[in-house]
Amino acid sequence: MLADPWHRRLRRWWHSCTSRSKSLECEIRQVFVGDRKKNSRQNYPDNAIHTTKYQLLTFLPRVLLEQFRRLANVWFLAIAVLGFFPFSPFHPIATLIPLAFVIGVSTIKEAVEDWQRYRSDVRLNAQHTFRYSASAGRFVGARWRELRPGDVVMITVGDHVPADLVVLSTSDDNGSAFID
């Protein structure tokens, strides 16, 4: 059974948090600004991006599951299995070779795409930004994957935004910030 789409889960969560009788599903998060030690005890997820679909051990089973969700592949597999019976008018190799070719090409394509997603994740997670360090008393360089909830991050003109952020101040006289 597939999980509900994200928008349905969000709607249920929002309704549970805004209804008169609040349920346990409405979790209140407390973030301590600039205090990495207190925030580390909260078990918040890190800022690393993981968009890969597969892992090394789960690659082959998940790819085969994806391939046999397609009706055409199931059909050719059924025809190939029927080819092993003595009453079959054709040899099973006649359907197994095209099926293996299609699944093999699709598996290679999935592996290449997932490898490209992995490389993109590594590049993105390794980008640099500046976060405030209380111990140093200044902004220090950090990679995007090293950011944690509660970190004060400095964004300059032309920078990409490395995480979900709350704007505390801007260099604009009106206090405006424009995001592209």
Side-chain angles (χ1 to χ4, degrees), residues 1-63 65-66 106-180:
M1 183 172 155
L2 296 174
D4 284 343
W6 65 270
H7 56 87
R8 286 192 184 133
R9 290 192 311 264
L10 180 64
R11 192 177 320 140
R12 262 199 321 268
W13 176 83
W14 180 255
H15 178 70
S16 70
C17 290
T18 57
S19 65
R20 291 182 193 263
S21 61
K22 297 198 179 202
S23 69
L24 294 176
E25 205 175 305
C26 179
E27 177 186 340
I28 297 174
R29 291 184 171 194
Q30 188 174 15
V31 177
F32 301 97
V33 177
D35 194 346
R36 289 175 73 91
K37 286 182 183 176
K38 281 186 182 178
N39 288 328
S40 67
R41 287 185 239 138
Q42 302 292 329
N43 291 329
Y44 293 134
D46 61 2
N47 196 46
I49 294 175
H50 304 281
T51 59
T52 54
K53 209 172 172 183
Y54 308 104
Q55 294 178 354
L56 192 59
L57 293 175
T58 63
F59 177 73
L60 193 59
R62 289 189 67 186
V63 165
L65 179 67
E66 289 290 325
S106 297
T107 301
I108 291 169
K109 180 184 82 74
E110 286 287 330
V112 168
E113 287 176 354
D114 206 50
W115 178 252
Q116 289 172 344
R117 282 191 291 267
Y118 171 75
R119 288 180 44 211
S120 172
D121 291 347
V122 168
R123 265 193 316 274
L124 203 60
N125 288 329
Q127 288 189 4
H128 290 278
T129 190
F130 293 97
R131 71 170 179 82
Y132 186 76
S133 171
S135 60
R138 61 183 173 87
F139 284 93
V140 295
R143 297 183 190 276
W144 284 12
R145 69 174 172 258
E146 297 167 352
L147 294 179
R148 298 291 181 259
D151 282 349
V152 177
V153 180
M154 180 173 56
I155 304 293
T156 58
V157 174
D159 282 353
H160 290 279
V161 178
D164 295 338
L165 301 175
V166 175
V167 178
L168 299 176
S169 74
T170 68
S171 60
D172 188 50
D173 294 336
N174 297 332
S176 300
F178 297 97
I179 300 172
D180 237 350

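Quick note: residue numbers are just sequence positions, from 1.
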>> side chain to side chain contact (heavy atoms under 4.5 Å, CB included), that's the test. Do Thr107 and Glu110 meet it? Break it down for me.
In response: CA-CA 5 Å; Thr107 301; Glu110 286 287 330; 5.7 Å; no

>> To the nearest 0.5 Å, what is the distance between CG on Leu65 and CG on Leu60?
In response: 11.5 Å

> With a 4.0 Å cut-off, would you call Arg117 and Asp114 a salt bridge?
Replying inline: yes

> Is there any ring-ring contact (aromatic ring centres under 6.0 Å, His included) pair reaching into residues 133-162, and which pairs are they, with sequence neighbours excluded?
Replying inline: Tyr132-Phe139

>> Check this for me: Leu57, atom CG, are more than 12 non-hydrogen atoms of other residues, nucleotides or ligands nearer than 6.0 Å?
In response: no

> Do Val153 and Ile155 come within less than 4.5 Å of each other through their side chains, counting heavy atoms only?
Replying inline: yes

> Do you know which two heavy atoms are closest between Thr170 and Ser176, and how far apart they sit?
Replying inline: OG1-O, 3.4 Å

> Just by distance, with hydrogens left out, do Thr51 and Asp121 show a side-chain donor and acceptor under 3.5 Å apart?
Replying inline: yes

>> Does this structure show an ion pair linking Arg62 with Glu66, if we count only N-O contacts that are shorter than 4.0 Å?
In response: no

> At their closest point, which heavy atom of Asn47 faces which heavy atom of Pro162, and how far apart are they?
Replying inline: ND2-O, 3.1 Å

> What do you reckon, is CZ of Phe130 surrounded by more than 12 foreign heavy atoms closer than 6.0 Å?
Replying inline: no

> If you take all heavy atoms of Asp46 and Arg145, which pair is closest and at what distance?
Replying inline: CB-O, 4.5 Å

> What pair of heavy atoms forms the shortest contact from Asn125 to Arg143, and how long is it?
Replying inline: O-CB, 3.7 Å

> Going through the checks in order, is the side chain to side chain contact (heavy atoms under 4.5 Å, CB included) test met by Arg131 and Leu147?
Replying inline: CA-CA 8 Å; Arg131 71 170 179 82; Leu147 294 179; 4.0 Å; yes

